[in-house]
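All values below were derived from every heavy atom in this structure, side-chain atoms included, with hydrogens, water molecules and symmetry-related copies excluded. Only a predicted model underlies this, so the values are computations on that prediction, with no experimental measurement involved. Proteins come first, then strands; the chains are lettered A, B, ... in the order of their sequence lines, and each starts at number 1.
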Amino acid sequence: MARCERDQAVSMIALQDGNNFYCSVEASFDPRLRGKPVCVASSGDGCVIARDALSKKLGVPMGAPIHQIPPEVRRQITFRSANFALYGDISTRIASILRALFPAIEQYSIDENFIDLTGIPSKDHERLAAEARARILKWTGIPSCVGIGPTKTLAKLSNKRAKSSISGVVTTMPDDPALLTYPVEDVWGVGRKLTARLGADGILTARDLAAADVDTLRSRYGVVLARTQRELQGIPCAELEEHEPQRKEIMVSRTLGKDITSETELMQAIATFAQRACEKLRSRQLQAAGVWVFIQTNPFKQNLPQYNPSKSFRLLMPSADTREILMVAQGLAKAMFRPSYGYKKAGVSLLDLSHTDVQQGDLFAGIDQRSKAIMEVMDRTNQKFGRGSMGFASTAWRPRGKTLEKPAWSVKRDMLSPAYTTDWKQLIRVR
DNA sequence: TCTGGGGTCCTAGGACCC
DNA sequence: TCTGGGGTCCTAGGACCC
């Protein structure tokens, strides 16, 4: 009886996290990769954004530019370009496995899910966590770990501990002696800058942070770290968010395949990003009231003149019409463009987002039904025949046969795995 | 030669108002 | 010539996350 009361009083949270997620997904679809070091590369095949256990062992640092990895190490590694369509699909499958086992989950990121354990007797927590791990491994091929604790921060910390455990499931309570040796830099919410400052104040472990003077911590470091401290003490400051909150911003930006000097090419890139951002916008039934554009020179060529302007524009009425937003974005870019610079990166961001169903409509013009109809035709066409089937000429992408002819500035993705699960034409071949 | 993308939240400072 | 205080809103920049 007393046990039940205690269970009700303390709510517990679990965090499931796929091990080396992107690499595990690649390996689960391509058996040739198993037992070999695998890394996944960022857009443009520039940096390492995921490493499997073997590449970590070879000493490949997270975020390392691929060209800086010593050739003798690089030769041993199989690289893949990031294939987010594939990873997102596997992520959805894992979430549905968890939903079948637990009353409420929060899809926190592409490879992490928080699980609400409230109402489940604490003696069953680790058993159920182990069951979840086993199902995910069996049904998707992805290994994962589960961390359990009374707050999200402690669940995160447990998950990190679980990565080096035998069972893959770890629970941490605020008084756990493990906090005495757990480095503060591995606490959720403590990044590089904070680690350095905390270290100078003698705060080196999770335990040091939990035990620090509250007022000093708040005044020296702000409310965010003060919340982290309370979470380490077992006092929840962050709830489980079952439903994704509404987006505040939608951004599309890229490092370009080459340094652009011509205005025409820069305008093509801006048009491409604006078009893609509008697609994302409409897929969420959103509209934007602001547009922000930035262009940047190559920061790695410090011998060349640098120029990194940005500019924003507020629309009279919120819009989800690619034609309108594309014109605004190009107008902003045109106003910032200066010849004789080499532009290496650019982006378009849509701001002040709202739902299309709260559209007030212009008092005089009314809601533009024609615009809505045109955009729907475009989106449906692209959905049916693949992204890029119908687009704007100003983006300079041209259909050629069954594929799209890429402009010279487009991004490199030379090591891409097939879209096994999201494109009929790319289904896995058994023989 | 080659160096990621997409988000959120907080804070400080300026503009503006009463 | 001197000269306030408080509130809000907006923006830019910094820090963090995956």
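Counting only residues at least two apart or on different chains, the salt bridge (Lys or Arg N to Asp or Glu O under 4.0 Å) pairs with a member in residues 140-156 of chain A are A/E106-A/K152, A/E112-A/K156. Here salt bridge (Lys or Arg N to Asp or Glu O under 4.0 Å) pairs that include residues 11-38 of chain A, with residues two or more places apart or in two chains, are A/D17-A/K163, A/E26-A/R80, A/D30-A/R32, A/D30-A/R80. Applying the salt bridge (Lys or Arg N to Asp or Glu O under 4.0 Å) test to every pair with at least one member in residues 313-322 of chain A, sequence neighbours left out, gives these pairs: A/R314-A/D352, A/D321-A/R323.
Taking the side chain to side chain donor-acceptor pair (under 3.5 Å) definition, one finds that A/T395 meets it with nothing, sequence neighbours left out. Among residues two or more places apart in sequence or in another chain, the side chain to side chain donor-acceptor pair (under 3.5 Å) test is passed with A/E376 by none. Residues passing the side chain to side chain donor-acceptor pair (under 3.5 Å) test with A/R338, sequence neighbours excluded: none. Remark: A/E126 pairs with A/T171 by the side chain to side chain donor-acceptor pair (under 3.5 Å) rule, at least two apart or across chains.
In this structure, A/K301 does not reach the B/dT3 phosphate: none of its side-chain N or O atoms is under 4.0 Å from OP1 or OP2.
For the 3.5 Å distance criterion, the side chains of A/N20 and A/K56 qualify, holding a donor opposite an acceptor. Under 3.5 Å, the side chains of A/R413 and A/S43 contain no donor-acceptor pair of N or O atoms. At a cut-off of 3.5 Å, with distance as the only test, no side-chain donor of A/R254 or A/S410 sits close to an acceptor on the other residue.
Ring geometry for A/F84 versus A/Y87: interplanar angle over 60°, hence perpendicular rather than tilted (30 to 60°). Taking the six-membered ring where tryptophan is involved, the planes of A/W188 and A/Y108 are perpendicular, since the angle between them exceeds 60° and thus also 30°.
Atom C1' of B/dC17 sits at a distance of 14 Å from the matching atom of C/dG4, rounded to the whole Å.
Residues A/F300 and A/Y221 both approach DNA chain B. Their nearest nucleotides, taken by heavy-atom distance, put A/F300 toward the 5′ side.
Remark: A/R227, A/R247, A/K248, A/E249, A/I250 in residues 226-250 of chain A come within less than 4.0 Å of DNA chain B through at least one heavy atom. Of the residues in residues 253-278 of chain A, not one comes within less than 4.0 Å of DNA chain C through any heavy atom.
Residue A/D111 is classed as a sugar-phosphate contact, given heavy-atom separations below 4.0 Å to backbone atoms only.
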If you look only at distance, which donor and acceptor atoms sit under 3.5 Å apart when one is on a side chain in residues 143-151 of chain A and the other is two or more places apart or in another chain?
from, atom 1, to, atom 2, distance (Å)
A/S144, OG, A/Q16, NE2, 3.3
A/T151, OG1, A/L154, N, 3.2
A/T151, OG1, A/E231, O, 2.9

Nucleotide by nucleotide, nucleotides 12-17 of chain C touches protein heavy atoms under 4.0 Å in the pattern (B base, S sugar-phosphate only, - none) ---SSS
Watson-Crick or G-U pairs under 3.5 Å in DNA chain C, rendered as dot-bracket with [ ] for crossing pairs and | for another strand:
....||||||||||||||
